[in-house]
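Since the structure comes first, as structure tokens, the remarks are kept for the end.
Values below: all heavy atoms of this structure, side chains included; hydrogens, waters and symmetry mates excluded. The first residue of the sequence shown is numbered 1, and numbering continues consecutively from there.
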Amino acid sequence: MGFFIDEGKTIKIYFDDKMNIVKKETENWIEVKAEPNFYLLEEIRKAIKPKTIKMNARTNEIELDTEKMGEVPVELLVKLIVNWSESEKPTAQILKTKVNPKFLQNLWNKLLEMYEVGDQNAIGI
């Protein structure tokens with residue numbers, strides 16, 4: 001395999017009835033790309049970084065625009081999801097309107113951990 005990612009490789013993530021991630025197989029699951037490509041990883045990094053950073057030279061105060069930092073980017077999730085246990089195809093509209101918000105947040109946090117783009121890279125100054 002060498003330097004190339006396996007674009008067909010996936011990982012199943014299982015959820016209990018309260019939408020918490022569990023290790024055992026359940027009827028609620030989602031299958032995601034195990035090895036996203038460079039461009040998807042860059043999209044993830046952009047999604048978790050503040051949009052603007054301002055520094056006051058006189059006071060050395062740093063101002064971060066954190067308005068959208070906590071949002072789960074559903075359009076990006078759709079690109080990472082390969083399959084799931086629901087009968088409807090996972091679209092951005094379905095994720096925004098029909099899915100439990102706790103599921104989305106737990107899935108997003110798990111993907112940040114899996115793809116190693118979480119806290120340590122969240123703010124790159």
Side-chain angles (χ1 to χ4, degrees):
M1 184 161 141
F3 294 116
F4 295 106
I5 61 171
D6 184 351
E7 293 186 32
K9 188 176 179 184
T10 62
I11 293 176
K12 273 191 180 177
I13 301 170
Y14 297 94
F15 294 83
D16 64 17
D17 292 336
K18 295 181 181 179
M19 297 299 113
N20 295 311
I21 294 174
V22 295
K23 292 184 180 192
K24 65 177 183 158
E25 288 188 22
T26 65
E27 61 185 41
N28 300 315
W29 54 268
I30 193 155
E31 190 174 7
V32 295
K33 294 176 185 261
E35 299 177 351
N37 64 40
F38 174 80
Y39 294 104
L40 284 173
L41 287 174
E42 283 301 303
E43 280 190 60
I44 294 169
R45 285 186 186 99
K46 287 178 185 175
I48 62 175
K49 285 186 179 182
K51 303 306 175 218
T52 58
I53 301 173
K54 297 176 186 174
M55 183 169 178
N56 185 328
R58 281 187 247 152
T59 62
N60 288 331
E61 290 180 356
I62 297 175
E63 181 183 327
L64 301 175
D65 177 12
T66 58
E67 182 179 327
K68 296 190 176 191
M69 282 179 63
E71 291 182 11
V72 175
V74 292
E75 290 82 8
L76 180 53
L77 282 180
V78 170
K79 295 177 185 179
L80 296 167
I81 296 171
V82 176
N83 199 3
W84 67 346
S85 55
E86 298 295 331
S87 59
E88 294 182 62
K89 183 180 177 189
T91 64
Q93 186 63 27
I94 286 175
L95 294 180
K96 288 178 184 178
T97 60
K98 293 186 176 183
V99 173
N100 185 321
K102 187 175 180 182
F103 159 78
L104 289 176
Q105 190 63 60
N106 287 341
L107 174 61
W108 179 241
N109 292 340
K110 180 65 176 177
L111 293 178
L112 292 177
E113 176 188 311
M114 267 178 41
Y115 301 149
E116 299 177 353
V117 290
D119 295 335
Q120 72 274 13
N121 295 320
I123 301 175
I125 299 174

Residues Ala34 and Tyr115: closest non-hydrogen pair is O-CE2, 3.9 Å
Only one of Thr10, Val82, Ile13 passes side chain to side chain contact (heavy atoms under 4.5 Å, CB included) with Val32; say which it is. Ile13
Please round to the nearest 0.5 Å and tell me the distance separating atom [atom1] of [X] and atom [atom2] of [Y].
{"X": "Leu77", "Y": "Glu75", "atom1": "CG", "atom2": "CD", "value": "9.0 Å"}
{"X": "Lys18", "Y": "Asn100", "atom1": "NZ", "atom2": "CG", "value": "12.5 Å"}
{"X": "Met19", "Y": "Leu107", "atom1": "CE", "atom2": "CG", "value": "11.5 Å"}
{"X": "Ile81", "Y": "Lys33", "atom1": "CD1", "atom2": "NZ", "value": "11.5 Å"}
{"X": "Ile11", "Y": "Ile30", "atom1": "CD1", "atom2": "CD1", "value": "12.5 Å"}

Assess the residue pair Lys79 and Glu43 against the criterion (salt bridge (charged side-chain N to carboxylate O under 4.0 Å, His left out)); give the C-alpha distance rounded to whole Å, side-chain angles, the decisive distance to 0.1 Å, and a yes or no. CA-CA 10 Å; Lys79 295 177 185 179; Glu43 280 190 60; 3.0 Å; yes
Sub-4.5 Å side-chain heavy-atom contact between [X] and [Y]:
{"X": "Phe38", "Y": "Ile5", "value": "no"}
{"X": "Val78", "Y": "Pro90", "value": "no"}
{"X": "Glu35", "Y": "Met114", "value": "no"}
{"X": "Ile44", "Y": "Leu111", "value": "no"}
{"X": "Val74", "Y": "Gln93", "value": "no"}

Checking Trp29, Tyr14, Phe15 against Phe103 for ring-ring contact (aromatic ring centres under 6.0 Å, His included), the one that qualifies is Phe15
Report yes or no: do Asn109 and Glu113 form a side-chain donor-acceptor pair below 3.5 Å? no
Distance-only polar pair, side chains of Lys102 and Asn20, donor-acceptor under 3.5 Å: yes
Does the distance from a Lys or Arg side-chain N to an Asp or Glu carboxylate O, for Lys98 and Glu88, drop under 4.0 Å? yes
Do Trp108 and Ile94 belong together in a cluster built from hydrophobic side chains that touch within less than 4.5 Å? yes
Just checking Glu7: does its CD atom have more than 12 heavy atoms from other residues, nucleotides or ligands closer to it than 6.0 angstrom? no
Ignoring hydrogens and geometry, is there a side-chain-to-backbone donor-acceptor pair from Asp16 to Ile21 under 3.5 Å? no
